[in-house]
Colleague: 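Let me give you the structure first, and then I'll get to my questions.
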Amino acid sequence: MALSATQTVRQLATEIPNATRIFEKLGIDYCCGGGKSLEAACVQARIPVTDVLRTLEEGSASVQGAALPDFSQSPLHELASYIVARHHGYVKQEIPRLEKLLVKVVSVHGRNHTELVAIQKVFAALGAELTSHMMKEEMVLFPYIAQMEKAHESGKVPPRAPFGTVGNPVHMMELEHESSGNALKELCSLTSNYTPPQDACFSYNTLFAALKDFETDLHQHIHLENNILFPRAIALEQQAA
Ligand SMILES: [Fe+2]
Ligand SMILES: [Fe+2]
């Protein structure tokens with residue numbers, strides 16, 4: 001496909017192989033800010049748009065490493081199951097591990113590095129928010145999307161949703177993604193982009209590396225929901241109406 005700076009980040013992230021990896025590396029917001037044009041996103045990230053277009057072209061020409069599965073056509077229930085297994089599973093595993101690590105690092109280094117206490121507080125709030133957010137997706141929104149898809153496939157009328165249209169919970173989930181995205185930005189700034197100080201011990205280094213991985217995973221997770229699953233669910237509902 002021909003690349004253009006006027007295309008949205010969302011469009012490029014879903015259509016160009018490896019684009020999300022490239023955006024992640026360059027600090028371009030491709031999850032909550034996916035609706036912006038590439039040009040506007042580059043202004044925000046302070047990167048020349050021509051450099052990004054060139055990197056995207058090179059990236060799509062030579063797909064390296066394990067590219068993400070292409071979910072643009074696959075059944076929605078498969079995408080939802082993938083998100084739950086891969087991303088919700090990871091978040092549920094990492095929250096208690098990182099909270100424990102934070103307790104340890106704060107107890108040793110908190111006096112000399114007071115920002116650690118703020119990092120602990122922001123991460124605790126993010127963890128609580130994500131736990132309740134994922135539960136809503138797993139218990140309400142994702143099962144409804146699967147039911148709607150099943151009804152559509154068998155030519156039946158989709159079940160009545162207690163929340164009106166699917167756009168309502170989607171909107172709520174997107175607002176919560178934005179809030180989580182803001183917490184990630186705060187963590188990135190408090191950790192100086194996850195750079196440990198000179199006197200950091202092994203646990204300190206491990207913590208910052210794990211927080212960076214947590215950020216990357218959450219960006220990818222939100223991208224799959226905001227840019228693929230949710231727009232496709234809304235389109236399916238409109239098609240059935
Ligand atoms: Fe999710
Ligand atoms: Fe979500």
Side-chain angles (χ1 to χ4, degrees), residues 1 3-5 7-72 79 82-83 85-91 93-95 98 119 122-123 126 130 133-134 174 176-196 205-231:
M1 91 184 254
L3 301 182
S4 142
Q7 283 170 295
T8 61
V9 173
R10 173 177 297 142
Q11 202 179 355
L12 294 164
T14 50
E15 291 177 11
I16 306 285
N18 270 340
T20 58
R21 285 168 202 268
I22 292 165
F23 290 152
E24 186 71 50
K25 211 166 148 199
L26 298 176
I28 290 178
D29 178 4
Y30 62 94
C31 45
C32 294
K36 285 198 183 98
S37 69
L38 180 67
E39 201 163 23
C42 287
V43 169
Q44 196 178 10
R46 294 180 192 171
I47 311 170
V49 69
T50 45
D51 290 3
V52 179
L53 282 169
R54 197 179 48 243
T55 311
L56 285 171
E57 260 160 30
E58 288 165 2
S60 65
S62 63
V63 179
Q64 288 171 352
L68 274 176
D70 179 10
F71 286 115
S72 58
L79 171 54
Y82 174 87
I83 291 170
R86 167 73 182 80
H87 294 290
H88 290 199
Y90 170 82
V91 171
Q93 170 201 296
E94 285 302 273
I95 289 172
L98 292 185
I119 292 167
V122 174
F123 188 78
L126 174 63
L130 284 173
H133 174 85
M134 293 188 304
E174 284 173 347
E176 291 182 4
H177 289 165
E178 224 169 294
S179 167
S180 300
N182 288 337
L184 289 180
K185 280 181 198 150
E186 216 177 328
L187 286 174
C188 181
S189 144
L190 284 165
T191 57
S192 308
N193 197 14
Y194 307 99
T195 313
N205 285 315
T206 305
L207 172 70
F208 274 33
L211 283 172
K212 174 72 192 152
D213 288 346
F214 193 87
E215 180 195 60
T216 304
D217 185 84
L218 197 52
H219 283 159
Q220 196 67 56
H221 175 177
I222 294 175
H223 157 68
L224 290 177
E225 292 172 359
N226 275 16
N227 296 338
I228 306 179
L229 181 65
F230 296 168

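Quick note: residue numbers are just sequence positions, from 1. Values in this document were obtained by computation on a predicted structure and should not be read as measured data.
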Colleague: State whether the side chain of N226 and the backbone N or O of G35 hold a donor-acceptor pair below 3.5 Å, judged by distance alone.
Modeller: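 Here the side-chain-to-backbone pair does not exist.
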
Colleague: Please report the closest heavy-atom contact between A45 and G27, naming both atoms and the distance.
Modeller: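 In terms of heavy atoms, the two residues are closest at CB-O, 3.8 Å.
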
Colleague: Passes side-chain contact (heavy atoms from CB on, under 4.5 Å), Y30 versus Q220? Steps please.
Modeller: CA-CA 9 Å; Y30 62 94; Q220 196 67 56; 3.7 Å; yes

Colleague: Which atom names give the shortest non-hydrogen contact between V122 and A183, and what distance separates them?
Modeller: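 Here V122 and A183 meet closest at CG1-O, 3.8 Å.
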
Colleague: Please list all pairs meeting side-chain hydrogen bond (donor to acceptor under 3.5 Å, both in side chains) that have one or both residues in residues 46-56, counting only residues at least two apart or in different chains.
Modeller: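 Not a single pair qualifies under side-chain hydrogen bond (donor to acceptor under 3.5 Å, both in side chains).
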
Colleague: Below 30° counts as parallel, above 60° as perpendicular, anything between as tilted: where do the rings of F230 and H177 land?
Modeller: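 Plane angle under 30°, so parallel.
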
Colleague: Please report, to 0.1 Å, the donor-acceptor pairs under 3.5 Å made by any side chain of residues 207-215, with sequence neighbours excluded.
Modeller:
{"unit_1": "K212", "atom_1": "NZ", "unit_2": "E215", "atom_2": "OE1", "d": "3.0"}

Colleague: Can you tell me how far apart CD (E57) and CD1 (I22) are? Round to the nearest 0.5 Å.
Modeller: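 One gets 10.5 Å once the value is rounded to the nearest 0.5 Å.
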
Colleague: Check whether any side-chain heavy atom of I95 sits under 4.5 Å from a side-chain heavy atom of L126, and report yes or no.
Modeller: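 Side chain of I95 against side chain of L126, heavy atoms only: no contact under 4.5 Å found.
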
Colleague: Check A40 against K36 and note the closest heavy-atom contact, atom names and distance.
Modeller: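 Of all heavy-atom pairs spanning A40 and K36, the closest is CB-CD, 4.2 Å.
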
Colleague: Which is it for H223 and T14 under the side-chain contact (heavy atoms from CB on, under 4.5 Å) test, yes or no, and what are the steps along the way?
Modeller: CA-CA 9 Å; H223 157 68; T14 50; 3.9 Å; yes

Colleague: Looking at every heavy atom in both V91 and M134, which two are closest together, and how far apart are they?
Modeller: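 Scanning both residues completely, I find the closest heavy atoms to be CG1-CE, 3.7 Å.
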
Colleague: Could you tell me the separation between the CD1 atom of I222 and the NE2 atom of H133, rounded to the nearest 0.5 Å?
Modeller: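 NE2 of H133 is found 7.0 Å from CD1 of I222.
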
Colleague: Can N193 and T195 be said to form a side-chain hydrogen bond (donor to acceptor under 3.5 Å, both in side chains), step by step?
Modeller: CA-CA 6 Å; N193 197 14; T195 313; 5.7 Å; no

Colleague: Between L184 and Y194, which heavy-atom pair has the shortest distance, and what is it?
Modeller: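 Smallest heavy-atom distance, with atoms named: O-OH, 3.7 Å.
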
Colleague: Can you see which heavy atom on A19 is nearest to which on A13, and at what distance?
Modeller: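 Heavy atoms of A19 and A13 come nearest at CB-CA, 4.0 Å.
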
Colleague: Between V9 and D29, does the side-chain contact (heavy atoms from CB on, under 4.5 Å) criterion hold? Intermediate values first, please.
Modeller: CA-CA 8 Å; V9 173; D29 178 4; over 6 Å; no

Colleague: I'd like to check L38 versus C42 (side-chain heavy atoms, cut-off strictly below 4.5 Å). Are they in contact?
Modeller: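 Heavy-atom side-chain distance check passes, below 4.5 Å.
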
Colleague: Y90 versus L218: any side-chain heavy-atom pair under 4.5 Å?
Modeller: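 No - every pair of side-chain heavy atoms lies 4.5 Å or more apart.
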
Colleague: What distance separates L79 CG from I228 CD1, expressed to the nearest 0.5 Å?
Modeller: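 Taking CG in L79 and CD1 in I228, the distance rounds to 6.5 Å.
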
Colleague: Output the distance between atom SG (C31) and atom CD (E174), rounded to the nearest 0.5 Å.
Modeller: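 C31 atom SG to E174 atom CD measures 11.5 Å (nearest 0.5 Å).
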
Colleague: When rounded to the nearest 0.5 angstrom, what distance separates CD in E176 from SG in C32?
Modeller: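 E176 atom CD to C32 atom SG measures 11.5 Å (nearest 0.5 Å).
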
Colleague: Tell me, which pairs form a salt bridge (Lys or Arg N to Asp or Glu O under 4.0 Å) where one or both residues lie in residues 217-230, sequence neighbours left out?
Modeller: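 Non-adjacent pairs meeting salt bridge (Lys or Arg N to Asp or Glu O under 4.0 Å): R86-D217.
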
Colleague: Starting at CG of N18, measure out to CD of E24 and round the result to the nearest 0.5 Å.
Modeller: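 The CD atom of E24 is 12.5 Å from CG of N18, to the nearest 0.5 Å.
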
